[in-house]
Amino acid sequence: MHLGRVIGTVVSTSKDPSLTGSKLLIVARLTPQLDPTGFTEIAVDTVGAGWGETVIVAKGSGARMAGTLGKSVSDAAIVGIVDTVETH
């Protein structure tokens with residue numbers, strides 16, 4: 001898992017049936033200090049995240065266990081909205 005910031009949305013009317021009804025968001029990967037790394041990805045939103053929010057992104061087979069994505073083609077899912085981050 002890693003931290004990310006929602007920077008946009010993706011609308012796709014033609015997609016794999018396993019993604020039907022899923023909200024797709026563009027997420028910029030963040031460092032633990034919440035600085036952008038320059039890497040972006042598309043993730044399925046399972047928690048109702050919105051633009052500008054800091055989120056937790058699960059990757060790989062773990063991402064498919066979130067929400068109702070059981071047999072989805074997704075390999076990235078937003079599984080949490082972050083309130084605060086503390087690093088030492």
Side-chain angles (χ1 to χ4, degrees):
M1 290 190 287
H2 64 270
L3 294 172
R5 180 163 294 118
V6 177
I7 61 169
T9 60
V10 174
V11 177
S12 175
T13 54
S14 178
K15 59 187 170 236
D16 188 87
S18 68
L19 294 174
T20 300
S22 296
K23 184 166 98 174
L24 304 174
L25 298 177
I26 303 170
V27 179
R29 194 173 195 148
L30 301 176
T31 68
Q33 293 74 32
L34 302 182
D35 297 318
T37 65
F39 178 77
T40 60
E41 63 192 329
I42 298 170
V44 176
D45 180 22
T46 67
V47 295
W51 187 87
E53 288 190 295
T54 302
V55 294
I56 301 168
V57 179
K59 300 280 291 176
S61 61
R64 285 185 288 282
M65 294 182 187
T68 59
L69 299 177
K71 296 187 185 232
S72 172
V73 297
S74 175
D75 71 345
I78 297 171
V79 296
I81 299 172
V82 175
D83 295 316
T84 61
V85 174
E86 295 181 26
T87 58
H88 301 281

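In this text, all values refer to a predicted model and were calculated from it rather than measured experimentally.
Residue pairs meeting the side-chain hydrogen bond (donor to acceptor under 3.5 Å, both in side chains) criterion with at least one partner in residues 76-88, sequence neighbours excluded, do not occur; the list is empty.
Closest of all the heavy-atom pairs between V55 and A49 is CG1-CB, 3.8 Å. Shortest non-hydrogen contact noted between T40 and A28 is CG2-CA, 4.0 Å. Scanning both residues, S14 and S12, for their nearest heavy atoms gives O-OG, 2.9 Å.
The hydrophobic cluster containing L34 also contains V79, counting ILVMFWY residues as joined when their side-chain heavy atoms lie under 4.5 angstrom apart, directly or transitively.
For the atom pair W51 CH2 and R5 CZ, the distance stands at 9.0 Å (nearest 0.5 Å). Interatomic distance, L19 CG to I42 CD1, rounded to the nearest 0.5 Å: 10.0 Å.
Remark: the backbone N or O of T46 is not paired with any side-chain donor or acceptor of K23 at under 3.5 angstrom.
Partners of E41 according to the salt bridge (charged side-chain N to carboxylate O under 4.0 Å, His left out) rule, which considers only residues two or more places apart in sequence or in another chain, are K59.
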Would L3 and V57 count as a side-chain contact (heavy atoms from CB on, under 4.5 Å) if you check the C-alpha gap in whole Å, the side-chain angles of each, and the deciding distance to 0.1 Å?
-> CA-CA 6 Å; L3 294 172; V57 179; over 6 Å; no
Stepwise, does the side-chain contact (heavy atoms from CB on, under 4.5 Å) test hold for V44 with L24?
-> CA-CA 5 Å; V44 176; L24 304 174; 3.7 Å; yes
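In this structure, Q33 and V85 have side chains that are not in contact, with every pair of non-hydrogen atoms separated by 4.5 Å or more. Between T9 and I26 there is no side-chain heavy-atom pair separated by less than 4.5 Å. Side-chain atoms of L30 and T54, non-hydrogen and from C-beta on, do get closer than 4.5 Å to each other. Residues I7 and V27 have side chains not in contact (no heavy-atom distance under 4.5 Å, counting atoms from C-beta outward). By the 4.5 Å heavy-atom criterion applied to side chains, I78 and I56 are not counted as neighbours.
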